[in-house]
Amino acid sequence: MSVEEILSLPTLEVAKALLGCRLIHASEEGLTSGIIVETEAYLRDDPASHSFRKMTARTAPMFDKAGTIYVYQIYGVHFCANITTNETGIGEAVLLRALQPVEGIEIMQKRRKNTDIKSLCSGPGKLVEAMGIKKTMNNWVVNESPIQLIAPAGNNPEVHITTRIGITLAKDLNYRFYLKNNPFISRK
DNA sequence: GTCTAGATGAAA
DNA sequence: TTCATCTAGACA
């Protein structure tokens, strides 16, 4: 399945299909990339989603076309990155929660000030920092910017589905997806 | 204006 | 378990 095909799927399917994809950022400091190993879906009728109510200045990228990147700050300290799904006007997205580092590991270690490979991208805030994703990249579009997405070549990986992390609203929905037995996923 | 929860991470 | 650190968005 191509990236275009993946991004045209319903949001829950996108969250699942993104597992195994490679995310690349060709930054000024150099190229970093990693395999997506953990995601969460946020739908339009989902009380935990930023797009649950009306569109606002902050959440506008969620309502943009599929492949748009939505970056927001959380707890006043960290940033999280999402990939928007659906056509323009529908506010749904997939949160990137963890990557398995592949390229540019030295750059990630420097950005994260941490040499432990397993801790480099094992959480939404960590991955954003390791990949050098900035608030200014809000609204960028995957594969039309230095952020690239590549679909996996091989077969379907084994996927685990659980409830999402760090929320109290709609906390019983099974909208979190991760690769089974992968040591690079986040923990809580 | 005032309130509150929050899609976190690191340290202790 | 605590804390750092703060904003968007709801409601009045």
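Reminder, nothing fancy here: chain letters follow the sequence lines and each chain counts from 1. Values below: all heavy atoms of this structure, side chains included; hydrogens, waters and symmetry mates excluded.
Positionally, the nearest nucleotide of DNA chain B for T168(A) lies more toward the 5' end than for the other of T168(A) and G125(A).
Stacking of Y75(A) onto the six-membered ring of dG9(B) is not present when judged by under 5.5 angstrom between centres and under 30° between planes.
dG6(B) and dC3(C) are spaced 15 Å apart, taking the C1' atom of each and rounding to whole Å. Taking atom P in both dT5(C) and dT4(B), the straight-line distance is 22 Å, to the nearest Å.
With no hydrogens or angles considered, a side-chain donor-acceptor pair links S2(A) and E5(A) at under 3.5 Å.
Checking side-chain atoms of S51(A) against main-chain N and O of G91(A) turns up a donor-acceptor pair under 3.5 Å.
We find that E87(A) and K65(A) are not joined by a salt bridge, their nearest charged nitrogen and carboxylate oxygen being 4.0 Å or further apart. With respect to the salt-bridge test (charged N to carboxylate O, under 4.0 angstrom), the residues R111(A) and E129(A) do not qualify. Salt-bridge check for R164(A) with E40(A): failed, with every basic side-chain N at 4.0 Å or more from each acidic carboxylate O.
Here the P atom of nucleotide dT4(B) and the CG atom of L169(A) are 15 Å apart, to the nearest Å. Distance D116(A) CG to dG9(B) P: 14 Å, rounded to the nearest Å. Rounded to whole Å, atom C1' of dG9(B) lies 14 Å from atom CD of E38(A). Taking atom CG on L96(A) and atom C1' on dT8(B), their separation rounds to 15 Å, with Å as the unit. Nucleotide dA7(B) holds its C1' atom 16 Å from the CZ atom of F52(A), rounded to whole Å. Regarding K113(A), its NZ atom lies at a distance of 16 Å from the P atom of dG9(B), rounded to whole Å. Look at CD1 on I165(A): it is 13 Å from P on dA7(B), rounded to the nearest Å. Protein atom CG of L127(A) is 9 Å distant from nucleotide atom P of dG9(B), rounded to whole Å.
A single hydrophobic cluster is not seen to contain both L31(A) and I107(A); linkage of ILVMFWY side chains at heavy-atom distances under 4.5 Å, directly or through other members, places them apart.
Proximity of R53(A) to the phosphate of dA10(C): a side-chain N or O atom is located under 4.0 Å from OP1 or OP2. Within the structure, a side-chain polar atom (N or O) of H50(A) is placed less than 4.0 Å from OP1 or OP2 of dA7(B).
Checking dA7(B) for Watson-Crick or G-U wobble geometry (two distances, each under 3.5 Å) identifies no partner in any strand. In this structure, dT5(C) makes no Watson-Crick or G-U wobble pair, since no nucleotide meets both defining distances under 3.5 angstrom.
Relative orientation of the Y72(A) and H50(A) rings is perpendicular, given thresholds of 30° and 60° on the angle between their planes.
Distance from the side chain of T59(A) is smallest to dG9(C) among dG9(C), dG9(B), dA10(C).
Residue-level contact check: K54(A) touches the backbone only, with heavy atoms under 4.0 Å from sugar-phosphate atoms and none from bases. If you check every strand for non-hydrogen atoms under 4.0 Å, R58(A) touches sugar and phosphate atoms only.
For the side-chain contact (heavy atoms from CB on, under 4.5 Å) criterion with L120(A), the lone passing option out of M131(A), K126(A), Q109(A) is Q109(A).
Under 3.5 Å, the side chain of Y72(A) and the base of dA7(B) form at least one donor-acceptor pair of N or O atoms.
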Collect all protein-nucleotide pairs involving nucleotides 10-12 of chain B in which both atoms are nitrogen or oxygen and the distance is under 3.5 Å.
residue, atom, partner, partner atom, Å
dA10(B), OP1, R112(A), NH1, 2.9
dA10(B), OP1, R112(A), NH2, 3.2

